[in-house]
**Q** 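The structure follows.
Every heavy atom of this structure was used, including side-chain atoms; hydrogens, water molecules and symmetry mates were not. In what follows, chains are A, B, ... by sequence order, proteins preceding strands, each numbered from 1.
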2 protein chains.
Amino acid sequence: MPGMTAYVGFSELCSPKKGEYVFVSSTFGAVGQVVGQLAKLMGCFVVGSAGSKEKVDILKSKFGFDKAFNYKEEHDLDAALKRCFPEGIDIYFDNVGGKMLDAVLLNMRFHGRIAVAGMISQYNLDQPEGIRNLLSLVYKRIRMEGFTVYDYYHLFPNFIGLVLPYIREGKMAYVEDTAEGLENGPAALIGIFSGQNVGKQVVVVARE
Amino acid sequence: MPGMTAYVGFSELCSPKKGEYVFVSSTFGAVGQVVGQLAKLMGCFVVGSAGSKEKVDILKSKFGFDKAFNYKEEHDLDAALKRCFPEGIDIYFDNVGGKMLDAVLLNMRFHGRIAVAGMISQYNLDQPEGIRNLLSLVYKRIRMEGFTVYDYYHLFPNFIGLVLPYIREGKMAYVEDTAEGLENGPAALIGIFSGQNVGKQVVVVARE
């Protein structure tokens with residue numbers, strides 16, 4: 001499902017072209033790491049954000065991202081994005097919403113596309129943060145679309161056709177975070193919301 | 001140009017279908033009145049908002065809107081929209097942004113479409129208002145797109161082909177607000193931002 005979400009949001013909704021500038025937030029999540037690799041394989045310039053130096057290093061070394069930054073260490077997300085994208089962003093795959101989305105809107109290029117798979121930064125707030133830079137949608141003719149993979153299962157064969165060769169050729173990597181035992185499930189779930197997981201969070205109930 | 005803007009945003013970007021629920025803000029502006037009439041001619045259920053009782057009455061009597069409300073008299077825009085759209089909104093043609101957009105997001109239906117032609121409520125603010133309900137984009141799989149008519153001039157023949165018969169048959173009405181003399185231009189311009197104009201604001205420099 002994470003792989004399909006990545007495929008639908010990036011390849012189908014954002015119509016990427018070779019050489020375009022792509023930003024993926026929460027890049028170390030199960031969806032983000034696939035989006036970033038699909039974008040690299042398409043010949044895009046890809047930047048990711050994650051919540052620790054360890055994750056940022058893996059994004060660049062293991063996944064081959066062009067740049068990556070630790071959003072927890074950046075006091076000014078707008079400045080971080082301008083540093084990584086002096087030419088601006090063509091495609092933003094949004095997993096987090098909130099302040100990151102607001103900063104991205106300031107850095108989008110004309111005719112940019114934003115696929116919104118989730119807004120994890122907002123789920124546990126009493127009141128969601130206000131997004132102030134939506135005027136960019138008009139000034140820069142941007143399309144922004146929320147989606148869920150459940151509407152696109154008919155595209156599963158296309159997804160498999162695209163991804164399976166890459167996996168067989170070792171061109172796609174995958175990182176999972178395994179919690180052993182059901183008793184560790186609740187802590188693993190809570191950890192997702194503070195970025196504790198390194199890749200897809202899996203809970204192994206029993207190894208047999 | 002206003003007619004083309006209406007056509008592009010509504011007919012091209014929002015792919016309207018007969019029977020869908022359509023909301024147009026700032027309906028008495030040059031763009032809004034055309035959007036509303038195109039939607040009615042397509043067999044949609046159409047609601048508009050305007051800033052005076054006089055305008056609201058004309059929307060219903062002259063333009064044949066299904067419902068209309070005076071946004072200046074509604075303390076709770078969310079409640080006003082729920083009253084007009086108990087089933088929710090399929091298409092929102094946004095001319096104003098801000099609080100109206102935020103309330104609309106709460107009332108969109110699944111797979112809704114929002115065309116953003118402008119956000120006039122935000123242009124003269126030191127800091128734009130925060131939009132808090134963007135999570136609806138994900139929950140309801142909504143597409144939101146900013147656009148400008150300049151990108152769509154190649155569709156001018158389609159627009160003329162659609163609209164000219166309606167105008168000839170008297171099926172489309174138009175309201176203009178005329179300021180006489182260049183000396184009245186500045187006040188007319190300022191009036192647009194407080195909703196003083198009744199329809200397209202025109203300044204007649206000389207009648208000859």
**Q** More than 12 heavy atoms of other residues, nucleotides or ligands under 6.0 Å from CZ of B/F156: is that the case?
**A** no
**Q** Between chain A and chain B, which donor-acceptor pairs sit under 3.5 Å apart?
**A**
unit_1, atom_1, unit_2, atom_2, d
B/P128, O, A/R132, NH1, 2.7
B/I131, N, A/I131, O, 2.9
B/I131, O, A/I131, N, 2.9
B/R132, NH1, A/P128, O, 2.8
B/R141, NH1, A/D151, OD1, 2.9
B/R141, NH1, A/D151, OD2, 3.0
B/I142, O, A/G146, N, 2.9
B/M144, N, A/M144, O, 2.8
B/M144, O, A/M144, N, 2.8
B/G146, N, A/I142, O, 2.9
B/D151, OD1, A/R141, NH1, 2.9
B/D151, OD2, A/R141, NH1, 3.0

**Q** Is A/I142 close to chain B through its backbone or its side chain, or both, or neither, when contacts mean heavy atoms under 4.5 Å?
**A** backbone
**Q** To the nearest 0.5 Å, what is the distance between CE (A/M108) and CD1 (A/I89)?
**A**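 Reported to 0.5 Å precision, the distance equals 6.5 Å.
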**Q** Quick check on A/L13 against chain B: is it the side chain, the backbone, both or neither that has a heavy atom closer than 4.5 Å?
**A**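 Contact with chain B: none, neither part.
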**Q** Determine, stepwise, if the pair A/L135 / A/L137 fulfils side-chain contact (heavy atoms from CB on, under 4.5 Å).
**A** CA-CA 5 Å; A/L135 261 173; A/L137 295 189; over 6 Å; no
**Q** About how many Å separate CG of A/L38 and CZ of A/F93, when rounded to the nearest 0.5 Å?
**A** 9.5 Å
**Q** Non-hydrogen atoms of chain A under 4.5 Å away: do they reach the side chain of B/I114, the backbone, both or neither?
**A**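 B/I114 has no heavy atom closer than 4.5 Å to chain A.
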**Q** Rounded to the nearest 0.5 Å, what's the gap from CE on A/M42 to CG on A/L162? Could you check?
**A** 9.0 Å
**Q** Measure the CG-CD1 distance between A/L101 and A/I131 for me, rounded to the nearest 0.5 Å.
**A** 4.5 Å
**Q** Go through the steps to decide whether B/L81 and B/L106 satisfy the test side-chain contact (heavy atoms from CB on, under 4.5 Å), and finish with yes or no.
**A** CA-CA 9 Å; B/L81 291 167; B/L106 291 176; over 6 Å; no
